[in-house]
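A short write-up of the structure that comes next.
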Amino acid sequence: MTVFLFDFDSTLVDLESLDFAAERALAGLDDREARVAEIEALTRAGMEGEMDYGESLSRRVALARLTRRVTRDAAADIAERVDPAMIELFAALRDSGAVIHIVSGGLRPLLEPAAQRLETAPGNIFCNEPVWEGDLIAGVDREVPLSRSGGKAEIARRVKAGAPERRLVMIGDGATDLEARAPGAADFMIGYGGVAVREAVQRGADMFALTAETLAGACRGQL
């Protein structure tokens, strides 16, 4: 039986969830455009491996200043942006006996409604946990491996240790996903460029898919 680890941002949805929520949280501020541009630049640097992921995440969270209301409303809209082809793919893989996990550097409250649309059990979701200060997300729990570079490899090793006889396949668009293809972690990595093509991933992945249809075929080939 194959176990699939799917990235979330720019893989299952056509956006980066923290960036999307930040645009809303910063509405009305005089420096909104500058902050949004900085957050987007930090996201690119983290996803392309140009900056330590933990630093990228911390700086984005600090700039975004997400409140509970903005987080809740953004999460509902993110859920509507789940690629219908991914819903079909998840169902087909499960019907074939595969186990599916979502492994994301994003924040749990932003992605949980989308994960529900994908019928992913809460126990199969690995992501960052926000640290709240009153009504505001002030940071993330640093005990969670996904809050730092190499976190997806750590999660992949944990999953692998729980089912060493199973093939473990990582799917995603970013450098953090590529890191999961490490010794003792994922056995195979499918890079996905349906939303964002990152050259390092395109070069380093075992296979690279540019469309959801191609990705579905690549996943079936790993069953």
query: Counting only N and O atoms by type, is there a donor-acceptor contact under 3.5 Å from the side chain of Asp135 to the main-chain atoms of Thr67?
result: no
message: Tell me whether Glu213 at atom CD has more than 12 heavy atoms from other residues, nucleotides or ligands lying less than 6.0 Å away.
response: no
message: Tell me whether Arg181 is salt-bridged to Asp187, with the criterion being a basic N under 4.0 Å from an acidic carboxylate O.
response: no
field: Trace of the side chain to side chain contact (heavy atoms under 4.5 Å, CB included) decision for Asp177 with Val201
entry: CA-CA 8 Å; Asp177 305 306; Val201 178; over 6 Å; no
message: Taking Glu38 first and then Arg59, would you say they form a salt bridge - that is, a charged N and a carboxylate O separated by under 4.0 Å?
response: yes
- request: Using the rule that two of Ile, Leu, Val, Met, Phe, Trp, Tyr join whenever any of their side-chain heavy atoms come within less than 4.5 Å, decide whether Met47 and Tyr192 are in one cluster.
  value: yes
field: Transitive ILVMFWY side-chain link Ile125 to Leu168, under 4.5 Å
entry: no
- prompt: Under 3.5 Å, side chain of Arg157 to main-chain N/O of Pro183, donor-acceptor pair present?
  reply: yes
- line: With Ile78 as partner, the option from Leu15, Leu111, Asp73 fulfilling side-chain contact (heavy atoms from CB on, under 4.5 Å) is Leu15
- request: Apply the test salt bridge (charged side-chain N to carboxylate O under 4.0 Å, His left out) to residues Glu55 and Arg148: give CA-CA distance (whole Å), side-chain angles for both, the deciding distance (0.1 Å), then the verdict.
  value: CA-CA 8 Å; Glu55 180 182 356; Arg148 53 186 179 267; over 6 Å; no
field: Main-chain N/O of Glu23 paired with Arg32 side-chain donor or acceptor, under 3.5 Å
entry: yes
task: Answer yes or no: is there a donor N or O on one side and an acceptor on the other, between the side chain of Ser10 and the main chain of Val195, under 3.5 Å?
output: no
field: Ser96 side-chain N/O to Ala98 backbone N/O, donor-acceptor pair under 3.5 Å
entry: no
task: Show your working on salt bridge (charged side-chain N to carboxylate O under 4.0 Å, His left out) between Glu48 and Arg198 and close with a plain yes or no.
output: CA-CA 6 Å; Glu48 293 176 9; Arg198 308 190 195 279; 3.7 Å; yes
query: Under 3.5 Å, is there a donor-acceptor pair between the side chain of Lys152 and the main chain of Pro145?
result: no
field: Within 6.0 angstrom of Asp31 CG, more than 12 heavy atoms from elsewhere
entry: yes
field: Atom CD of Glu33: over 12 foreign heavy atoms under 6.0 Å
entry: no
- request: May I ask whether Leu215 and Leu118 are part of the same hydrophobic cluster, defined by side-chain heavy atoms of I, L, V, M, F, W, Y residues being less than 4.5 angstrom apart, directly or through others?
  value: yes
field: Backbone of Val140 reached by a side-chain donor or acceptor of Asn128 within 3.5 Å
entry: no
- request: Determine whether more than 12 heavy atoms belonging to other residues, nucleotides or ligands lie under 6.0 Å from atom CZ of Arg69.
  value: no
- request: Mark yes or no for whether Glu179, through its side chain, and Gly150, through its backbone, hold a donor-acceptor pair below 3.5 Å.
  value: yes
query: Is there a path from Phe90 to Val169 through hydrophobic residues (I, L, V, M, F, W, Y) whose side chains come within less than 4.5 Å of each other?
result: yes
- prompt: Looking only at atom types and distance, does a side-chain atom of Thr11 sit under 3.5 Å from a main-chain N or O of Phe8, one as donor and one as acceptor?
  reply: no
message: Does atom CZ (Arg65) have a neighbourhood of more than 12 heavy atoms from anything else shown, all under 6.0 Å?
response: no
message: Within the structure provided, determine whether Val197 and Leu210 are in side-chain contact (heavy-atom separation under 4.5 Å).
response: yes
field: Stepwise ring pair (Phe, Tyr, Trp, His ring centres under 6.0 Å) test for His101 and Phe6
entry: CA-CA 6 Å; His101 298 275; Phe6 276 84; over 10 Å; no
task: Using modelled atom types only, decide if a donor and an acceptor are shared between the side chain of Arg44 and the backbone of Glu50 within a distance under 3.5 Å.
output: no
